[in-house]
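Just so you know, these numbers come straight off a predicted model, no measurement behind them. Throughout, protein chains are lettered first and strands after them, A, B, ... in sequence-line order, and every chain is numbered starting at 1.
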Amino acid sequence: MRLVRHLVRTPEGAIGLAILATLVLVALFAPVLSPGDPLRIAGRALLPPFADPAFPLGTDRLGRDVLAGILHGTRTSLAVGLAAALAAIAIGLCVGLTAGFAGGLVDEGLMRVVDAFQIVPSFLLALAFVSVIGASVPVVVLAIALGAWADPARLTRAQVLSIRERDYVASARVIGMHPAEIALREILPNALPPVLALSAIIVAAAILTEAALSFLGLGDPNVVTWGSMIAEGRNILRSSPSLSIFPGIALVVTVVGVYLFSEGLTKALAGRRLEP
Amino acid sequence: MTIANPSRRTLLQAGGLLLASTALPTFTLAQAAPAGGRLVVAADSEPKNLNPAIVASNGVFFIASKVVEPLAEASFDGKDGLAPRLATSWEGSADGKSVTFKLREGVKWHDGKPFTSADVAYSALAIWKPLQNLGRLVFANLETVETPDATTAVFKFSKPTPLQLIRNALPVVSSVVPKHLYEGTDIATNPANVKLVGTGPFKLTEYKPGEYYRLTRNADYWGKGEPKLDEIIFRVLPDRAGAGAALEAEEIQLAAFSAVPLTDLARISKVPGIKVISKGYEALTYQLVVEINHRRKELADVKVRQAIAHAIDRKFVVDTIFLGYAAASTGPVPKNAPEFYDASVPTYAFDTAKANALLDEAGYKKGANGTRFSLKLRPAPYFNETKQFGDYLRQALAAVGIDAQLVNADAAAHQKAVYTDHDFDLAIGPPVFRGDPAISTTILVQSGIPAGVPFSNQGGYENKELDGIIAKASETIDTAARTELYKQFQKVVATDLPLINVAEWGFITVARDTVQNVSNNPRWAVSNWSDTALKS
Amino acid sequence: MNRAIRLIRRRAISSIPVLLIVVVLTFLLLESASGDAVDAYLLSIGGGDATVAQSLRQAYGLDQSMFARLWLYVSSLARFDLGWSVAFGRPVIDLILERLPNTLLLMGSATALSFGFGSALGIVAGSKPESVRDRALSTGSLILYAIPSFWLGLVLSIIFAVQLRWLPTSGIETIASGKTGLARAMDIARHLVLPVAALALIYMALFLRVMRSGMAEVWTLDFVLFARSKGLSRFRVVLHHVARNALLPLVTMLGLQSAAMLGGSVVIESIFAIPGFGRLAQEAVGGRDAPLLMGIIVVSAVLVICVNLIIDLVYAALDPRVGASERGT
């Protein structure tokens with residue numbers, strides 16, 4: 001709780017938290033704010049924005065409500081971003097802990113695998129993965145996670161290596177704690193903060209990657225995403241630019257919110273460490 | 001063993017190096033050129049095999065038809081709708097077992113050798129019949145081609161073959177290639193498939209992969225005073241939005257096959273100096289079709305298929321997806337094929353209530369959440385319109401209680417899934433009607449087609465009556481009787497719904513006003529452009 | 001110098017297993033694809049029957065087992081032979097050498113510009129932390145970094161290429177212009193302005209922030225306070241003491257971003273129709289062309305390894321504290 005107070009004291013953290021909280025609320029209440037299937041054809045095609053009160057942001061090529069798309073798109077973008085980040089961190093933590101603790105050949109082998117995933121451009125990897133396996137939300141999440149897990153793994157391992165030698169770990173070993181218990185109870189809580197700070201970056205990158213994949217036509221066609229909205233609006237960018245502009249703004253606001261939150265979090269954590 | 005056969009590899013490598021050299025051309029265009037000019041056209045694909053004799057598809061014709069010519073080309077006002085090219089006349093025998101072509105004299109290949117009937121005979125027997133996707137059907141019964149002299153070729157068939165069919169197919173299946181470059185080689189990997197040699201008004205001079213194709217004037221072309229242009233550049237622009245922008249910025253002068261998206265047409269037609277032309281695609285009618293997998297129990301019931309047909313608002317499709325640049329279909333033959341079209345077939349008006357009633361009758365009641373059953377829907381990724389129709393169909397089916405799950409796949413995966421693995425319930429495809437139902441339309445509903453053939457009946461549909469009509473029509477020589485059979489064909493298809501025809505559309509050409517003689521034949525974009533000129 | 005050579009040798013040796021893992025994983029990925037290269041090729045020529053497919057597969061060795069093919073590929077790779085592309089009908093190395101320079105030009109210019117402007121603006125921002133200037137630049141860079149590059153590319157294209165007609169809409173040079181030397185270089189430069197701008201603006205934001213935060217940290221350290229108390233001019237303090245030390249994390253960032261940039265070029269190349277590496281990768285996947293895709297990934301991997309190696313050498317030169325033992329990875 002003290003962490004949250006620290007967070008809110010920084011201007012970045014406050015604004016970031018506000019933006020994210022709004023987005024989460026929108027995502028949760030989207031079906032209430034805009035009932036019905038957002039992909040259904042609701043009105044006349046290509047209505048301009050701010051013209052018809054029933055469609056405040058206008059309609060797209062097929063007559064779908066742009067506002068409904070933006071609201072429901074929040075769910076997909078946030079869900080994909082969070083899920084991909086969670087998956088990436090989970091995989092990274094497992095690999096990092098194992099490598100850091102086991103040492104020796106296992107460590108070497110795992111680190112080479114980490115190198116391999118860090119060297120391949122992550123967008124190319126996601127592109128190839130989704131093209132080959134087929135585009136659906138779980139596949140997109142996995143594709144993004146595969147490109148993102150290497151950094152958390154490396155970071156976790158570094159933390160493990162440095163914490164491993166500290167006094168309280170040595171005392172735990174003397175007491176006779178099981179290595180796995182030591183890992184979970186002593187090392188993990190101390191290794192987590194830097195990884196968590198990284199997670200915000202991963203979420204933001206995941207959201208942008210998902211948008212880029214949808215833009216290239218590799219998104220899940222059964223859900224509405226901001227990236228696919230921009231892609232659809234691209235052909236009529238000259239005559240109806242609003243179709244691409246609104247989802248673009250939504251993307252920017254979301255990513256800015258995530259970054260601000262992450263900056264605030266970093267400052268708050270740093271502040272906490274300096275405190276006695 | 002190595003990865004590729006060494007000798008073939010060397011052959012291909014040599015050809016590849018010649019063609020794809022990144023050395024710059026050593027001339028400059030600032031030289032005073034005669035009033036011919038250079039036409040820059042948008043191209044959205046780079047076909048792997050440019051030989052139209054093997055690959056009779058529009059993507060290949062767009063570029064190759066300027067270099068390799070057919071026996072005859074489609075025409076608005078020629079006899080039988082044809083204008084002579086390499087053949088000057090054609091006549092069928094009374095028993096329908098032979099067709100005599102009189103060939104043009106004084107024609108030379110781009111490498112200087114003379115064009116003779118031997119080239120036609122070779123192309124027909126070694127390429128069109130065994131290798132070409134469409135020729136395999138049209139020339140299925142071709143036995144031999146006699147060449148009594150250098151300008152006569154007599155096609156002999158084992159069974160009576162209707163002249164009407166051969167005539168309608170000529171512009172598409174009869175591209176002639178030089179025997180002296182293909183005989184004795186492995187045709188499929190011959191470098192002349194990319195470095196084309198033909199008789200056409202333009203030669204393929206340069207191909208820079210990923211960038212452009214450069215065609216230059218054939219000074220020895222048989223057409224007097226033709227070609228009018230000096231050069232054609234096909235600029236590779238895979239991005240649709242790029243074509244419109246390039247046209248406005250005067251970087252290109254012509255965009256065919258609706259390279260400029262339909263949504264931009266209203267705006268771009270108002271730009272001074274640009275014209276929008278919808279003529280010129282009458283013989284290239286694309287059909288928006290819902291392909292049905294009859295192996296699925298629900299879809300095997302004709303009531304369900306009728307319900308789906310009733311659930312589709314064709315007016316919405318034509319007005320909103322095609323922005324009016326299309327027409328609602330009534331059956332497998334489009335309206336702009338007056339030779340065969342029959343309007344008196346059962347139609348399915350947009351009626352959600354009727355659709356719901358039919359589904360209830362068929363025994364598929366709505367569940368608690370309003371869904372009767374679920375289907376896998378695969379829209380073909382080749383056109384924006386097929387993808388958008390997929391989005392629309394999903395909503396239209398949801399309105400009658402059918403939950404359609406869309407699957408997004410790239411071209412290779414889509415083709416394999418639908419036509420080989422049969423992993424679909426409904427698919428949306430854009431087959432082409434090529435002037436005669438027997439060329440590429442009957443195969444959509446005929447039974448017995450092996451798996452792996454694209455744009456054919458892979459839904460497991462079998463109708464003996466329909467198969468009978470198709471077989472009989474392929475052998476009926478009398479034009480009137482044949483036409484009557486195809487009218488019956490349309491009635492059976494519209495009644496039993498092996499597939500659902502939704503709309504038919506041609507494409508739009510957008511060109512700068514300086515380009516003349518645009519769209520002056522029903523297949524203009526894929527014809528040889530010998531009379532296309534640039535006003536200076 | 002010895003240190004450098006030892007670092008290079010060590011890096012080269014440890015890269016081999018990494019490259020092997022990359023190749024195997026890419027191979028396995030394409031194996032799980034629906035359809036192989038022959039299917040895709042036949043599709044592009046309008047279909048073919050089973051016998052044609054069979055003979056093509058035999059010619060390209062695609063009818064062999066998975067392990068046999070993988071072994072064949074890896075052993076060719078060991079001889080620096082990248083194989084044959086079924087989709088394009090040409091050697092993979094030719095395709096790569098044709099397309100890579102365009103992407104390198106694009107990425108190189110974008111990196112250089114973003115690094116230069118980003119560091120400069122970062123110094124401006126970081127020289128007076130928490131000032132109005134600093135806040136403005138920080139906020140601006142945050143928003144800029146959040147903009148998707150494809151969206152920025154589209155908007156720039158609409159404004160500058162279509163509306164204003166100042167710059168070309170697409171391509172890498174004017175077709176068959178016959179230009180050589182300086183004229184050609186200027187032509188290519190004109191074509192690259194928009195795509196480079198779309199990428200550079202976004203990465204500039206990143207470098208700006210890293211430089212700024214690096215400076216903010218260094219600013220409070222002892223040796224800086226000492227320099228200021230000595231009465232050195234603000235300008236000297238900023239440039240010689242603070243910036244140089246803040247440069248280190250920036251250089252590290254450069255290395256980390258190199259992989260991201262190679263991947264990020266795909267979308268920009270698609271929008272501006274630049275015949276580059278990224279688009280080649282897209283075409284390789286669409287054509288299910290395993291040798292081509294693996295060739296592309298291997299070459300990218302090698303490039304990234306080289307860039308990281310150079311970065312490490314530069315790092316070692318900049319920071320004398322980096323000792324004989326390799327930094328813990």
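A donor-acceptor pair under 3.5 Å links the side-chain atoms of Trp151(C) to the main chain of Ser244(A), judged by distance alone.
Among Phe215(A), Tyr259(A), Phe123(A), the residue with the largest count of heavy-atom pairs under 4.5 Å with chain C is Phe215(A). With respect to chain C, the highest number of heavy-atom pairs below 4.5 Å among Val114(A), Leu127(A), Leu216(A), Val132(A) belongs to Val132(A). Counting heavy-atom pairs closer than 4.5 Å to chain C, the top residue among Ile249(A), Ile119(A), Leu161(A) is Ile119(A). Chosen from Gly248(A), Pro241(A), Ala211(A), Gly134(A), the residue pairing most often with chain C at heavy-atom distances under 4.5 Å is Ala211(A).
For a residue to count as touching a neighbouring chain, one of its non-hydrogen atoms must lie under 4.5 Å from one of that chain's; by this rule Phe117(A) touches chain C with the side chain only. Both the backbone and the side chain of Ile143(C) come within contact range of chain A, with heavy atoms under 4.5 Å apart. With a 4.5 Å cut-off on non-hydrogen atoms, Ile207(A) does not touch chain C at all. Residue contact with chain A, scored on non-hydrogen atoms closer than 4.5 Å, involves the backbone and the side chain of Pro148(C) alike. Heavy atoms of Ala212(A) lying under 4.5 Å from chain C belong to its backbone as well as its side chain. In this structure, chain A has heavy atoms under 4.5 Å from both the backbone and the side chain of Val18(C). With a 4.5 angstrom heavy-atom cutoff, Leu29(C) touches chain A via backbone and side-chain atoms both.
The structure places CG of Leu124(A) at 6.5 Å from CD1 of Ile297(C), a figure rounded to the nearest 0.5 Å.
Taking Asp115(A) as the reference, Arg112(A), Arg154(A) meet the salt bridge (charged side-chain N to carboxylate O under 4.0 Å, His left out) condition, with sequence neighbours excluded.
In plain terms, the two heavy atoms of Val252(A) and Ala146(C) that are nearest each other are O-CB, 3.8 Å. In terms of heavy atoms, Tyr145(C) sits closest to Leu208(A) at O-CD1, 4.3 Å.
By a heavy-atom distance cut of under 4.5 Å, Ile21(C), Val22(C), Leu25(C) are the residues of residues 19-28 of chain C near chain A, going up by number.
Under the 4.5 Å side-chain criterion, counting only non-hydrogen atoms from C-beta, Ser300(C) is not in contact with Val120(A).
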